[in-house]
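Below is one structure, written out as structure tokens; comments come after it.
Residue numbers start at 1 and run along the sequence shown.
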Amino acid sequence: MPDPADPRQRPVFYGRRRGKRLRPGAAGLLETLLPRLRVPEPAPGAVLEPRALFEPPARAVWLEIGFGAGEHLAAQAAAHPAVGLIGAEVFVNGVAKLLRHIERGALGNIRIFHGDVRLLLPALPDACLERVFLLFPDPWPKKRHAGRRFVNPDNLATVARLLVDGGELRVASADPTDQEWALEQFAAAADFDLVARTHARPADWPATRYEAKAAREGRRSLFLRARRRPRRAAPEGTKGL
């Protein structure tokens with residue numbers, strides 16, 4: 001396991017961290033609201049109990065990896081007030097947009113990890129998440145960049161560790177290369193059953209601007225639901241060994 005405290009071992013992030021200059025109102029939310037909702041980067045070896053991030057503790061916790069402008073995350077939070085949602089995003093402009101959604105909707109069940117989610121995942125305990133979302137990530141369509149795609153064997157194994165039995169990983173993509181890649185990865189993943197694949201967005205899957213942009217450009221989005229298979233029980237007489 002890489003040591004996040006060692007700069008030489010920290011995961012390399014290839015995306016953008018900042019876009020256009022923020023307006024004063026958005027910049028202000030980063031100063032006033034974000035500190036109250038921010039999940040700090042865990043120290044090496046630390047264990048973070050995600051339900052305890054919420055007051056009162058959440059019934060269940062969902063995670064969105066790379067929430068973009070936050071529309072999906074905010075809509076899920078509004079529809080499921082008993083669920084705690086953690087959004088992970090590096091792009092500061094996206095964080096500011098989510099904060100605006102939170103302020104306007106008075107949403108108290110969202111927490112934000114403003115950084116690379118790969119620095120958060122090792123600190124989360126086994127079977128602590130009920131649902132994970134990965135919606136329209138950077139597809140890295142060039143063959144030489146395939147290793148940068150989040151859906152890969154190592155990351156799928158990590159997500160499987162974090163999901164409860166029967167928990168869901170939901171993935172959406174509008175890039176044909178990325179879609180084919182994701183299907184191949186799920187077909188080879190021992191811990192997941194791909195239970196749904198459709199070009200029609202499910203009713204409980206709030207729309208995002210990335211889906212709308214793809215539709216305007218004539219690209220079809222693919223929506224995948226993968227279910228975490230039940231863990232195998234330890235053979236009798238081996239528990240505690």
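How far CG of Asn93 is from CG of Leu98: 13.0 Å, rounded to the nearest 0.5 Å. The line from CD1 of Ile86 to CG of Leu37 is 12.0 Å long, rounded to the nearest 0.5 Å. Considering CG of Asn155 and CG of Leu121, their distance stands at 7.5 Å, rounded to 0.5 Å. Between Trp62 atom CH2 and Glu168 atom CD the span is 9.0 Å, to the nearest 0.5 Å. From Asp191, atom CG reaches atom CG of Leu163 across 10.0 Å, with rounding to the nearest 0.5 Å. If you take CG on Leu34 and CG on Leu99, they are separated by 5.5 Å, rounding to the nearest 0.5 Å.
The pair Asp193-Arg229 meets the salt-bridge criterion, since a charged nitrogen lies less than 4.0 angstrom from a carboxylate oxygen. Salt-bridge annotation for Arg231 and Asp165: present, with a side-chain N of the basic residue lying under 4.0 Å from a carboxylate O of the acidic one. A salt bridge is absent between Glu49 and Arg51: the closest approach of a Lys/Arg side-chain nitrogen to an acidic carboxylate oxygen does not fall below 4.0 angstrom.
Residues Phe223 and Val171 form no side-chain contact, since every pair of their non-hydrogen atoms from C-beta on lies 4.5 Å or further apart. Residues Arg59 and Val83 form a side-chain contact, since some pair of their non-hydrogen atoms from C-beta on lies under 4.5 Å apart. Between Leu33 and Ile102 there is a side-chain heavy-atom pair separated by less than 4.5 Å. Looking only at side-chain heavy atoms (C-beta outward), Leu53 and Val61 stay at 4.5 Å or farther from each other. Contact annotation: the side chain of Phe133 never approaches that of Leu73 to less than 4.5 Å [non-hydrogen atoms, C-beta and beyond].
For the side-chain contact (heavy atoms from CB on, under 4.5 Å) test with Leu134, the passing option among Ile65, Val159, Leu224, Val117 is Ile65; the others fail.
Checked by atom type and distance alone, the side chain of Trp181 pairs as donor or acceptor with a backbone atom of Val151 at under 3.5 Å. For the pair Arg38 (side chain) and Ile112 (backbone), a donor-acceptor distance under 3.5 Å is absent. Looking at Gln76, its side chain does come within 3.5 Å of a backbone N or O of Asp204 through a donor-acceptor pair. Remark: the backbone N or O of Arg220 is paired with a side-chain donor or acceptor of Gln179 at under 3.5 angstrom. Looking at Asn109, its side chain does come within 3.5 Å of a backbone N or O of His80 through a donor-acceptor pair. No donor-acceptor pair closer than 3.5 Å links the side chain of Asp178 to the backbone N or O of Ser173. For the pair Arg201 (side chain) and Trp205 (backbone), a donor-acceptor distance under 3.5 Å is present. Judged by distance alone, the side chain of Arg228 and the main-chain N or O of Phe192 form no donor-acceptor pair under 3.5 Å. Using a distance-only test at 3.5 Å, with no hydrogens or angles considered, a donor-acceptor pair links the side chain of Glu89 to the main chain of Gly68.
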Dump the intermediate steps for side-chain contact (heavy atoms from CB on, under 4.5 Å) on Leu169 and Leu156, then the final yes or no.
CA-CA 9 Å; Leu169 170 58; Leu156 287 181; 3.6 Å; yes
Kindly determine whether Val47 and Leu124 satisfy side-chain contact (heavy atoms from CB on, under 4.5 Å), including the steps that lead there.
CA-CA 6 Å; Val47 177; Leu124 299 179; over 6 Å; no
Could you go through His114 and Val90, starting from their C-alpha distance and side-chain angles, then the distance that decides it, and tell me whether this counts as side-chain contact (heavy atoms from CB on, under 4.5 Å)?
CA-CA 5 Å; His114 182 23; Val90 171; 5.5 Å; no
Run the side-chain hydrogen bond (donor to acceptor under 3.5 Å, both in side chains) test on Glu64 and His72 for me, step by step, so that the C-alpha distance in whole Å, both residues' side-chain angles and the decisive distance to 0.1 Å come before the verdict.
CA-CA 9 Å; Glu64 182 164 348; His72 174 271; 2.8 Å; yes
Verdict with reasoning, Leu30 to Val92, per side-chain contact (heavy atoms from CB on, under 4.5 Å)
CA-CA 9 Å; Leu30 292 173; Val92 66; 3.7 Å; yes
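Taking every heavy atom of both residues into account, Pro125 and Cys128 meet most closely at O-SG, 3.1 Å. Among all heavy-atom pairs drawn from Ala74 and His101, the shortest one is CB-CB, 3.7 Å. Asn152 and Arg149 make their closest contact through ND2-O, 3.0 Å (heavy atoms, listed as atom of the first residue, atom of the second, distance). Residues Tyr210 and Ala69 come closest through the heavy atom pair OH-N, 3.8 Å. Between Phe136 and Ser221 the shortest heavy-atom distance is CE2-OG, 3.4 Å. Across all non-hydrogen atoms, the minimal contact from Phe113 to Pro42 is CE1-CD, 4.2 Å.
By the side chain to side chain contact (heavy atoms under 4.5 Å, CB included) test, Asp126 is found to be paired with Arg161, residues two or more places apart in sequence or in another chain being considered. Taking Arg209 as the reference, Glu71 meet the side-chain hydrogen bond (donor to acceptor under 3.5 Å, both in side chains) condition, with sequence neighbours excluded.
Residues Phe54 and Val164 do not share a hydrophobic cluster, defined by chaining ILVMFWY side chains whose heavy atoms lie under 4.5 Å apart.
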